[in-house]
Amino acid sequence: MEKKFSKEGWIKALRGLGNKCMVFVPVKEGDFHTFRILDEGKKPDFSYQNSRLSPKSIVYPQSERMFECILGESETGGNIYQEAAKDYQLQIIAGIRPCDAHAFQIVKLNFDNPEYKDPWWVQRFESTTLIGLGCNEPCSTCFCSSVGGGPFSEKGLDVLLYDLGEVLVAKGITEKGKTLIDEAEEGEPVDEASRKAAEEVSLSAAKKMSSSMATDRLKEKEMNHLFGAPFWEEVAFACLNCGTCTYLCPTCWCFDIQDEVMGKQVDRLRNWDSCMFPLFSLHGSGHNPREKKFQRVRQRFMHKLKYYVDKYDKGVQCSGCGRCVRYCPVNIDIRRVAGLMNSY
Ligand code: SF4
Ligand code: SF4
C-alpha cells in the first residue's frame with residue numbers, strides 16, 4: 001500500500017488520525033526539535049535532522065509509576081502495593097527517523113524476550129505505530145548504515161515516508177501501517193514518476209553517508225582480553241560522568257526503582273538511570289564495583305559493543321543515531337572507541 005500526499009494534506013491526515021489516537025510529531029522548540037502530541041496549537045516540522053532527545057520516552061517514560069500504596073494498618077489494603085493505573089491508548093510516532101525505529105528493535109531484545117517480559121514496555125510498544133521519515137541528508141555524525149540500518153531502512157517501521165520536496169510518498173510496511181495509510185482521509189495513488197523519485201532519493205542518501213563504525217571483529221574478541229585492554233584510562237580521561245550520552249541514547253534502557261512517600265501515599269517509581277553515575281553501582285554495603293571513572297566508561301562501551309554482541313548475536317547495542325557523538329561535551333566518540341576495540 002502506497003499513497004502520495006501533499007505536505008498540507010499529510011498534516012491534515014495526521015490531524016484526522018489525532019481524533020482517534022495520540023499522534024506525536026517533531027516540533028521545533030528553541031534550537032532543538034522534540035516529539036510532542038499533535039494538538040491545535042502545535043505546528044509539526046518535518047524538515048528536521050533529528051530530535052535532540054530520542055523518542056524512546058514515548059514508549060518507556062523517563063519516570064513511571066509502577067505501584068502505589070497507602071500507609072497504615074487501619075486503611076483497607078494499607079501497606080500493600082497495587083499496580084498503578086497506566087495509559088495504553090493507541091499512539092503514533094510520526095516522523096521518527098529510521099535509526100530511532102531500529103533502536104526500539106534493539107531495546108525489544110531486552111524488554112520482550114522468551115525469558116523476561118516487561119509488561120509495561122511491551123503493552124506501550126504494542127500500542128504504538130511508527131511512521132518513519134527517511135533521511136535525505138544524513139548528518140556527518142550519523143553511521144546507521146554500519147550498524148544494520150540505513151537512511152531509508154524499513155527496520156522496525158510500520159510506514160516509511162519519502163520526502164520528494166513538494167510531496168511525500170508513504171509506503172506501508174506492516175499490516176498495521178498499510179491499514180493506516182489506506183484509511184487516511186487524504187492522499188492519492190502513487191504514480192510511476194514518484195515511485196522512481198523515491199528510489200532515487202533513497203539511493204542518493206545512501207551515497208551521502210560519510211561516517212561509519214567498525215564492528216566486524218567484536219564478536220571474535222575474548223571478553224576478558226578487551227576488559228583488560230590498556231586504552232580504557234585514556235578513553236575515559238576527559239569524561240565528566242554527566243550521563244548525557246546515556247540519557248539521549250535511544251538504545252540505553254537502564255533504570256532505578258525508588259519509593260517516594262508523600263503523607264500516607266507511597267509511589268514506587270522507576271526512573272531512567274545511567275551507568276556513567278557513581279551511584280548507579282554503589283552497593284548497600286558501601287562497596288562500589290565501579291568506583292573509578294574508567295570502569296564506568298568501560299562498562300558503557302563493553303555493554304554496547306561486547307556484552308550485547310555476545311549475548312544476542314544480533315549486532316551492537318547502537319543504531320548509529322550519532323547523538324552521543326554530537327552532544328558529549330568532551331567529544332568522546334563511540335566510533336573511535338569501537339575502532340580501538342575492534343582492532344585490539
Ligand atoms: S556525554 Fe561524554 S562526558 Fe558525559 S558521561 Fe557521556 S562520555 Fe562522559
Ligand atoms: S550509542 Fe550513541 S550513536 Fe549509538 S544509538 Fe546510542 S546515542 Fe546513538
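When a ligand or atom number is given, it counts from 1 through the structure's own listing order.
A side-chain donor-acceptor contact under 3.5 Å links N79 to the backbone of G72. Looking only at distances, no side-chain donor or acceptor of E2 sits under 3.5 Å from a matching main-chain atom of V169. Put simply, the side chain of K4 never gets that close to the backbone of V190: no donor and acceptor are under 3.5 Å apart. A donor-acceptor pair under 3.5 Å links the side-chain atoms of K7 to the main chain of G165, judged by distance alone. Between the K86 side chain and the M66 main chain, a donor and an acceptor come within less than 3.5 Å of each other.
Set against the non-hydrogen atoms of C318, the atoms of ligand 2 under 4.0 Å away are 1 (S), 3 (S), 4 (Fe), 5 (S). Close contacts between ligand 2 and I334 involve ligand atoms 1 (S) [criterion: under 4.0 Å to a heavy atom]. Residue F143 has at least one heavy-atom neighbour below 4.0 Å for each of these atoms of ligand 2: 3 (S). Taking a cut-off of under 4.0 Å to the non-hydrogen atoms of L240, the atoms of ligand 1 that pass are 3 (S), 8 (Fe). For ligand 1 and T244, the ligand atoms under 4.0 Å from any heavy atom of the residue are 1 (S). Numbered from 1 in the order shown, with element, the atoms of ligand 1 that lie under 4.0 Å from a heavy atom of P329 read 1 (S). Of all the atoms in ligand 1, the ones that sit under 4.0 Å from a non-hydrogen atom of C245 are 1 (S), 5 (S), 6 (Fe), 7 (S). Numbered from 1 in the order shown, with element, the atoms of ligand 1 that lie under 4.0 Å from a heavy atom of N241 read 5 (S), 8 (Fe). Every atom of ligand 1 with a heavy atom of C239 under 4.0 Å away is listed here by number and element: 3 (S), 5 (S), 7 (S), 8 (Fe). The ligand atoms of ligand 1 that sit less than 4.0 angstrom from a heavy atom of V330 are 3 (S). Close contacts of ligand 2 with C249, meaning ligand atoms under 4.0 Å from a residue heavy atom, involve 1 (S), 5 (S), 6 (Fe), 7 (S). Ligand 2 places these atoms under 4.0 Å from at least one heavy atom of G322: 3 (S), 8 (Fe).
Using a 4.0 Å heavy-atom cutoff, L248 is absent from the residues neighbouring ligand 2. Contact annotation: P250 has at least one heavy atom less than 4.0 Å from an atom of ligand 2.
Of all protein heavy atoms, the one lying nearest to atom 4 (Fe) of ligand 1 is C242 SG, 2.2 Å. Nearest protein heavy-atom neighbour of atom 5 (S) of ligand 2: S319 N, 3.3 Å. The closest protein non-hydrogen atom to atom 2 (Fe) of ligand 2 is C324 SG, 2.3 Å.
Side-chain atoms of R335 and S211 form a donor-acceptor pair, as typed in the model, at a separation below 3.5 Å. Between the side chains of S194 and D191, at least one donor-acceptor pair of N or O atoms lies under 3.5 Å. At a cut-off of 3.5 Å, with distance as the only test, a side-chain donor of E83 or W120 sits close to an acceptor on the other residue.
If you look at V147 next to ligand 2, there are no close heavy atoms at all, none under 4.0 Å. The proximity of K304 to ligand 2, defined as any non-hydrogen pair under 4.0 Å, is limited to the side chain.
Atom CZ of R195 has more than 12 heavy atoms from other residues, nucleotides or ligands within 6.0 Å.
Between I334 and K304, the shortest heavy-atom contact is CD1-CD, 4.2 Å.
Put simply, C321 gets within reach of atom 8 (Fe) of ligand 2, with an N, O or S atom under 2.8 Å from it.
Under 4.0 Å is where a charged nitrogen must lie from a carboxylate oxygen, and between E199 and K196 no such pair does.
With a 6.0 Å cutoff to the six-membered ring centre and a 45° limit on the axis angle, R268 counts as a cation-pi contact of Y81.
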